[in-house]
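Atoms within each ligand, like the ligands themselves, are counted from 1 in listed order. All figures in this text were calculated on a predicted structure; none of them were measured in a lab.
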Amino acid sequence: MKDKSKIVEVQPFGGFNQALSYAVSSKLESKIKIGSLVRITLGSRRLNGIVISLDSKIKDFNFKLKFISSLVQDEPVLNRELIALARWMSSYYYTSVEHVLEAMIPSAVKVGMDEKIARYIAKIPDLDIDKTCKLLSNSPKQKKLFLHVQKLENPTHLNQTLNELGIGISSAISLSKKQFVNIFSKKVERRAYDDQFGDANSYIPSSITLTDEQKVATQDISRIISKGKFSTHLLQGVTGSGKTEVYFKAMENVLSKGGGVLFLVPEVALAPQTVSRLRNRFSQKNENVVVWHSHLSDGERLDAWSALTTGESKIVVGARSAIFAPVQNVKLIIVDEEHEPSYKQEESPRYHGRDVAVYRAKLNEAVCILGSATPSMESLHNVKSNKYSLSRLSKRIDGRELPLVHLIDMRREAKHEKAPPILSQALVESLRDRFYKREQSILFLNRRGFNTTMLCPDCGEVEVCKDCSITMTYHRTDSYLRCHICGYRKPAPKVCPKCRSFDILKKGHGTQRIEDIAESLLPKKVVIRRVDADVMSKKNLFRETLNSFRKGKIDILVGTQMIAKGLDFPNVTLVGVIDADLPLRMEDFRASERAFQLLTQVSGRAGRGDRAGEVFIQTYAPHASSIQFSRKGDVAGFIQEEEELRKEFKYPPYRHLVRHIFKGRNMEKTLFYAEQWGNHLKKQPLENVEIKGPAAAPLEKIKGYYRFHFFYFTPKITPFLKYYHKLRTDFPMDKDVSDVLDVDATQLS
Ligand code: ADP
Ligand code: ZN
Ligand code: ZN
């Protein structure tokens with residue numbers, strides 16, 4: 001063995017927490033690049049891994065060193081930049097590089113699925129058809145196939161054709177041997193950009209003249225782009241102010257200079273209009289837009305990945321994880337609806353898609369645009385401290401005013417009846433009125449899930465999961481109660497287990513329940529449909545529902561905030577928010593901000609066409625500032641008040657929040673170790689870091705695990721993590737208790 005073999009570092013997949021050195025044979029040497037997907041042996045296992053450095057710490061060839069067995073794929077699956085991003089994420093979010101790479105690279109790419117090859121059949125040009133037929137007169141099947149192929153303009157899938165004609169492969173082979181047809185193998189294209197996401201009906205004006213505000217924003221951004229340096233820009237524009245057009249101008253600018261673009265949306269299925277507008281606009285310029293969404297098959301995902309690594313496609317649009325798409329020469333990253341909580345991943349690695357976007361832009365000297373009608377307090381703070389620049393779009397495109405907002409005090413409504421109604425009289429009247437005017441309405445239910453809880457109206461008994469401290473959800477389809485965290489299910493009781501009341505089934509504010517109530521109160525002809533978890537999980541059903549709503553076949557759409565995002569229905573003139581104050585009842589300092597964002601977003605859905613809109617907000621807390629400010633459309637007023645509050649308690653964005661969760665099946669033991677850890681910290685405090693806890697998490701028990709948490713408030717992440725790492729390494733944790741760190745935590749339950 002030569003001692004001059006090159007030595008590289010490979011990060012194996014499959015639970016191995018460290019990069020290892022491998023030697024490269026001379027045969028592979030020219031092909032191994034940074035980011036190459038390689039096959040290696042580790043002990044007795046054969047694994048795939050990524051070459052993360054061409055420069056190993058081990059300089060001299062050591063006989064224990066193994067060679068890389070093979071290269072899985074010619075093109076590297078990651079570039080230098082994404083590896084740098086993975087390293088940064090690993091240190092910032094306190095997690096292993098392997099974990100980050102696992103999240104970055106789709107499994108189809110990781111295993112190096114073969115590119116699908118299929119056989120095709122095609123005619124041979126300029127053959128004398130009559131003469132050939134004569135030669136084939138004794139083989140009717142070959143003749144049939146031959147004639148079929150003569151009619152085709154383009155090569156066609158061999159097996160499919162044979163199936164259709166009922167002809168066996170041997171006939172095809174004979175024909176090919178006689179050179180009467182051409183049979184060849186080629187890569188099947190599973191173009192991820194050709195699915196039907198988005199909808200063709202979306203209206204695209206042939207030529208758009210920018211409004212004055214759009215012009216200013218576009219100029220601001222192009223000035224930044226022309227500097228060729230990293231920069232983050234906040235585009236704060238009210239709903240319907242034409243932010244998308246500003247993004248598109250920035251994209252055209254960057255693409256014309258050969259740069260690549262990442263476009264993040266909170267959820268692809270909820271952004272069909274954005275996706276189709278992107279496609280329409282950029283396909284005219286011969287750009288393939290890769291749509292990165294959860295319904296991609298492994299093959300499509302692999303193709304999308306290679307279209308990007310090879311530079312064939314320069315634009316990707318997708319949700320959170322699309323931030324890892326291997327777009328080459330990224331020069332622009334757009335994060336639409338940057339305030340959305342769904343950008344934060346709530347499992348390891350617990351990264352924030354928006355923050356990773358900003359860092360990726362930094363690595364590339366690229367421009368990052370964050371857009372929102374109601375920016376996060378974090379981003380606003382960064383504008384104030386001059387880290388981000390800002391453009392504002394204050395007017396809606398058609399100059400229409402924001403809709404008229406009515407607050408309905410449900411405490412008063414409750415006085416007229418025994419129990420508070422779910423739909424107030426005023427709302428029902430208006431729904432009826434819209435129906436007679438042939439206009440459409442949306443009813444929003446303000447919760448994440450679609451909970452119809454089983455609550456006894458007589459004694460207050462609630463059915464709670466025995467393993468998770470949350471109420472169980474009633475599914476009418478099969479009359480089961482289910483826990484949405486652990487999946488535990490049991491048949492729903494027919495009478496209250498405590499007081500034997502039969503009314504137990506009637507309670508709950510789920511979408512089904514709203515649908516039922518609205519049906520019972522409105523004329524028979526009113527068509528009501530709901531968008532719930534079932535509908536969302538079926539890609540086509542969701543699209544169909546939205547399409548029939550757009551075509552006016554549905555009068556009232558009932559759903560949760562998921563239908564509030566970015567949908568544009570010109571004929572909707574009424575929006576009802578059923579329980580506006582639900583987020584305010586959560587134990588979370590961001591509750592007010594979320595409620596405000598949601599109400600503002602929801603209100604933006606009303607009256608997007610040429611008719612004015614009306615919004616009804618039903619609330620038990622009509623004086624809450626989030627409700628008052630959103631009602632007036634006073635974003636600045638809300639922000640100012642919220643800033644003062646956050647400043648007073650030094651909550652984020654004034655400090656970072658790191659949440660530390662202890663989990664264990666045994667409550668006493670878990671709490672004991674959490675307390676021990678608390679003492680351990682107290683012995684060596686770090687200046688400027690405030691420690692709160694341990695406390696029981698609001699969701700105290702999940703899947704049978706008890707949970708206690710600490711909150712650490714710190715002005716800076718890096719020194720804090722250094723401190724934490726040292727103390728944590730010294731801390732003897734019990735094997736039955738585990739802990740996890742959530743940097744810049746947003747979910748506090
Ligand atoms: P936002 O993202 O700010 O909520 P959109 O970008 O969806 O707003 O724009 C709202 C609507 O206005 C879209 O239908 C869009 O095609 C249209 N629009 C945007 N800019 C213009 C313009 N300058 N002239 C005419 N229509 C425009
Ligand atoms: Zn009861
Ligand atoms: Zn459970």
Side-chain angles (χ1 to χ4, degrees), residues 198-222 233-253 261 263-268 270-284 289 317 332 334-340 354 369-376 379 390-403 442 546 549-550 561 563-573 575 597-613 615 630 633 635:
D199 84 277
N201 306 339
S202 76
Y203 165 69
I204 329 144
S206 49
S207 70
I208 280 184
T209 318
L210 294 186
T211 63
D212 289 347
E213 283 189 330
Q214 281 173 323
K215 262 185 217 148
V216 172
T218 302
Q219 282 160 6
D220 287 348
I221 293 168
S222 78
H233 190 78
L234 180 66
L235 180 62
Q236 181 179 0
V238 300
T239 330
S241 60
K243 291 187 285 297
T244 315
E245 201 52 42
V246 176
Y247 301 148
F248 285 2
K249 289 282 180 231
M251 289 172 69
E252 287 167 4
N253 185 339
V261 180
F263 194 124
L264 300 190
V265 293
E267 155 68 77
V268 174
L270 296 170
Q273 274 137 339
T274 308
V275 172
S276 55
R277 273 159 75 182
L278 259 171
R279 279 237 180 91
N280 284 323
R281 175 69 75 97
F282 292 97
S283 63
Q284 287 167 17
V289 177
V317 55
L332 178 66
I334 293 161
V335 185
D336 194 22
E337 309 287 358
E338 64 89 22
H339 64 277
E340 278 295 332
R354 174 196 62 219
I369 304 178
L370 310 178
S372 174
T374 50
S376 62
S379 296
L390 171 76
S391 306
R392 279 210 183 87
L393 305 176
S394 60
K395 296 186 203 78
R396 292 174 102 178
I397 286 298
D398 41 19
R400 247 177 327 94
E401 296 296 304
L402 284 165
I442 299 181
L546 293 185
F549 189 57
R550 187 163 297 125
Q561 62 243 51
I563 57 173
K565 289 170 195 161
L567 301 175
D568 195 348
F569 302 108
N571 197 35
V572 172
T573 56
V575 166
Q597 286 164 345
L598 197 71
L599 289 175
T600 307
Q601 204 172 34
V602 163
S603 307
R605 296 305 116 206
R608 287 197 116 189
D610 46 7
R611 271 160 289 201
V615 178
S630 64
V635 181

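With ligand atoms numbered from 1 in the order given, ligand 1 contributes 2 (O), 5 (P), 6 (O), 7 (O) to contacts under 4.0 Å with heavy atoms of T244. For ligand 1, the atoms closer than 4.0 angstrom to any heavy atom of T209 are 22 (C), 23 (N), 24 (N). Set against the non-hydrogen atoms of G242, the atoms of ligand 1 under 4.0 Å away are 1 (P), 3 (O), 5 (P), 6 (O), 8 (O), 9 (O), 19 (C). Of all the atoms in ligand 1, the ones that sit under 4.0 Å from a non-hydrogen atom of L210 are 23 (N). Counting atoms of ligand 1 from 1 in the listed order, those under 4.0 Å from a heavy atom of T239 are 4 (O). The distance from ligand 1 to the heavy atoms of I208 drops below 4.0 Å at these ligand atoms: 21 (C), 22 (C), 23 (N), 24 (N).
Residue-to-ligand polar distances keep I397 apart from ligand 1: every N/O pair is separated by 3.5 Å or more. For G240, a nitrogen or oxygen atom sits less than 3.5 Å from a nitrogen or oxygen atom of ligand 1, counting backbone and side chain alike. Of the polar atoms of Q214, at least one N or O is found under 3.5 Å from an N or O of ligand 1, judged by distance alone.
Looking at Q214, its side chain does come within 3.5 Å of a backbone N or O of G242 through a donor-acceptor pair. For the pair E338 (side chain) and P375 (backbone), a donor-acceptor distance under 3.5 Å is absent.
Judged by the shortest distance from any of its heavy atoms, R277 lies inside the 4.0 Å radius around the atoms of ligand 1. Residue contacts with ligand 1 include V238, since one of its heavy atoms falls under 4.0 Å from the ligand. Remark: distances from the non-hydrogen atoms of S241 to ligand 1 include one below 4.0 Å.
Using modelled atom types and a 3.5 Å distance limit, the side chains of E213 and S241 yield no donor-acceptor pair. Using modelled atom types and a 3.5 Å distance limit, the side chains of S379 and H339 yield no donor-acceptor pair. Side-chain atoms of Q601 and T239 form no donor-acceptor pair, as typed in the model, at a separation below 3.5 Å.
Take T218 and apply the side chain to side chain donor-acceptor pair (under 3.5 Å) test, not counting sequence neighbours, and it matches no residue. Scored by the salt bridge (Lys or Arg N to Asp or Glu O under 4.0 Å) test, D336 finds no partners at all (sequence neighbours excluded).
Contacts between D336 and ligand 1 below 4.0 angstrom, taking non-hydrogen atoms only, are absent altogether.
Residues F549 and I442 are in side-chain contact: their nearest non-hydrogen atoms beyond the backbone lie under 4.5 Å apart.
For the side chain to side chain contact (heavy atoms under 4.5 Å, CB included) with K249, the qualifying choice from T244, I221, L210, I208 is L210, the only one to do so.
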